[in-house]
Trainee: 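My questions all concern the structure below.
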Amino acid sequence: LTGDVLFSRALEALGRLDDPRPLKILSHACRLICEGELLQIDGRYNTDLEEDAYLEIIEKKTAVLFGAAAELGAMLAGATEDESRRLYAYGRRIGLAFQIVDDCLDLTGVEAAAGKSLGSDLRNGEYTLPVLHMLANTAGAARQQALALLRTQPGPSREEVLPYVERTGSVEYAMRAARAEIRRARDEVAFLPPSAARRALVDVPEYILGRVS
C-alpha cells in the first residue's frame, strides 16, 4: 500500500493549490493507472494478446504517470499550456520506453544488478512485448511447445522461455521499439532553449537504456 499512500499525499498537497489543474491531472493519471493494472490482470495467460493491447496496458499502468510528472513540473514552473502538453508527450514516451526495457530485463536481466526478483511476468501469465513478438514469429511444433509452456499455471521460468525468445530476436525487437520512443521523446523537448534542464531531459533516456547494458 506504500504507493497508494504516496498518491494520497500527493493529491492532498495538490488540493492545497489555488490552481485546480494539477489536482485534475494527477487524479486522472491515478484512474488510468488503476485501469492499466486491471487490464493486465484481465489479460493474464492470454496467448492471443495483441501488441496493441500490450501497448495500451503499459501506457496506462506506467506511461501516463511519467507524462503527468513531466506535465506538472512544467506547469508549476510557469510553462504555457502548449509547453506543458509537450512535456506530457515527452514523459509519456519516456514511460513507454522505461516499461519496455523493464519487461526485457524481466527476461534477460541479472537479479543482483536489477535489485529485484526477475521472471515475475511469466510466473503471473503476463505476456510482454518480447514474448508476444516471439509467439507471432514462431510456427509449427515450436509454437505449440511455446504455447503449452506459457499456459502452465503458475507460468514457466524465464530460463524455459528464453531460448524461444532468443531464436526470434524478440528482445532486440522490443529494444528497437524502446529506442524509437526515446528518439521521439527527445524530439518533444527540442523546442526548449539550451539549458542544464534541457540537457537533463535529453540525458534521462541514457539511464533507461543503460539498465540493459
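All values below come from the heavy atoms of this structure, side chains included, with hydrogens, waters and symmetry mates left out.
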Trainee: I want to check something: taking the side chain as every heavy atom from C-beta on, are L201 and L87 in contact at a cut-off of under 4.5 Å?
Mentor: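 Touching, per the 4.5 Å side-chain cut-off.
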Trainee: Compare all side-chain heavy atoms of Y45 with those of L150 and state whether any distance is below 4.5 angstrom.
Mentor: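 The answer is no, as the side chains (C-beta and beyond) never meet within the 4.5 Å cut-off.
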Trainee: When you compare the side chain of L149 with that of V161, does any pair of heavy atoms fall below 4.5 Å?
Mentor: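 Sidechains of L149 and V161: in contact.
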Trainee: Would you name the heavy atoms of L129 and A177 that are closest together and state the gap between them?
Mentor: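 Heavy-atom minimum between the residues: CD2-CB, 4.1 Å.
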Trainee: Please report the shortest heavy-atom distance between S170 and P130, naming the atom on each side.
Mentor: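 S170 and P130 have their closest heavy atoms at CB-O, 3.1 Å.
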Trainee: Between R31 and E35, does any side-chain N to carboxylate O distance fall below 4.0 Å?
Mentor: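 Looking at E35 together with R31, the answer is yes, because their closest N to O distance falls below 4.0 Å.
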Trainee: Could you tell me whether the side chain of L107 reaches within less than 4.5 Å of the side chain of L122, counting heavy atoms only?
Mentor: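 Yes; the side chains approach each other to less than 4.5 Å.
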Trainee: Do R85 and E81 meet the salt-bridge criterion of a basic N to acidic O distance under 4.0 Å?
Mentor: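 So E81 does not pair with R85 through a salt bridge.
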Trainee: Can you give me the closest heavy-atom contact between A97 and A178, atom names plus distance?
Mentor: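 Closest heavy-atom pair between A97 and A178: CB-O, 3.6 Å.
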Trainee: Find the distance between CD (E51) and OG1 (T128) and round it off to the nearest 0.5 Å.
Mentor: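 Rounded to the nearest 0.5 Å, the CD-OG1 separation comes out at 11.0 Å.
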Trainee: Where do L11 and S27 come nearest, in terms of heavy atoms and distance?
Mentor: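 The answer is CD2-OG, 3.6 Å.
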Trainee: If I take atom CZ from residue R86 and atom CD from residue E188, how far apart are they, to the nearest 0.5 angstrom?
Mentor: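 CD of E188 is found 6.5 Å from CZ of R86.
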Trainee: Taking K60 as the fixed residue, which of L38, L39, I33 is the one that meets the side chain to side chain contact (heavy atoms under 4.5 Å, CB included) rule?
Mentor: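 Between K60 and the candidates, side chain to side chain contact (heavy atoms under 4.5 Å, CB included) is satisfied uniquely by L39.
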Trainee: Output yes when R184 and E181 qualify as a salt bridge under the 4.0 Å nitrogen-oxygen rule, no when they do not.
Mentor: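 Looking at R184 and E181, the cut-off is met.
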Trainee: What pair of heavy atoms forms the shortest contact from I182 to P205, and how long is it?
Mentor: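 Between these two residues, the closest heavy atoms are CG2-CB, 3.2 Å.
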Trainee: When you compare the side chain of R143 with that of Y164, does any pair of heavy atoms fall below 4.5 Å?
Mentor: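 Not in contact.
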Trainee: Find out whether S120 and D106 are in side-chain contact, i.e. whether some heavy atom of one side chain is under 4.5 Å from a heavy atom of the other.
Mentor: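 The answer is yes; the side chains approach within 4.5 Å.
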Trainee: Nearest 0.5 Å, what's the CE-OH distance between M134 and Y127?
Mentor: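 The OH atom of Y127 is 9.0 Å from CE of M134, to the nearest 0.5 Å.
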Trainee: Can you find a pair of side-chain heavy atoms, one from V131 and one from D121, that are under 4.5 Å apart?
Mentor: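 With C-beta onward as the side chain, the pair stays apart.
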Trainee: Ring-plane angle category for Y173 and H133, please: parallel below 30°, perpendicular beyond 60°, tilted otherwise.
Mentor: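 The arrangement is parallel - the two ring planes meet at less than 30°.
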Trainee: Between CZ of F7 and OG1 of T2, what distance do you get to the nearest 0.5 Å?
Mentor: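 Taking CZ in F7 and OG1 in T2, the distance rounds to 12.0 Å.
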Trainee: With a 4.5 Å limit on heavy-atom distance, are the side chains of Y54 and I100 in contact?
Mentor: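 Y54 vs I100: side chains touch.
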Trainee: If we check side chain to side chain contact (heavy atoms under 4.5 Å, CB included) with I57, which of these qualifies: E37, Q99, Q40, E126?
Mentor: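 Option passing the side chain to side chain contact (heavy atoms under 4.5 Å, CB included) with I57: Q40.
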Trainee: Would you name the heavy atoms of P22 and L14 that are closest together and state the gap between them?
Mentor: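 So the minimum-distance heavy-atom pair works out to O-CD1, 3.5 Å.
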Trainee: Once you round to the nearest 0.5 Å, how far does CG of D103 lie from CD1 of I58?
Mentor: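 One finds 6.5 Å between CG of D103 and CD1 of I58.
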Trainee: So how far is it from L209 CG to M175 CE, rounded to the nearest 0.5 Å?
Mentor: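 One finds 5.0 Å between CG of L209 and CE of M175.
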Trainee: Do we see a donor-acceptor contact under 3.5 Å between the side chains of R167 and T138?
Mentor: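 No, because no side-chain N or O of R167 sits under 3.5 Å from a partner of the opposite role on T138.
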Trainee: Start with the C-alpha distance between R186 and E206, add both sets of side-chain angles, then the distance that settles salt bridge (Lys or Arg N to Asp or Glu O under 4.0 Å), and finish with yes or no.
Mentor: CA-CA 11 Å; R186 285 175 168 151; E206 295 305 319; 2.6 Å; yes
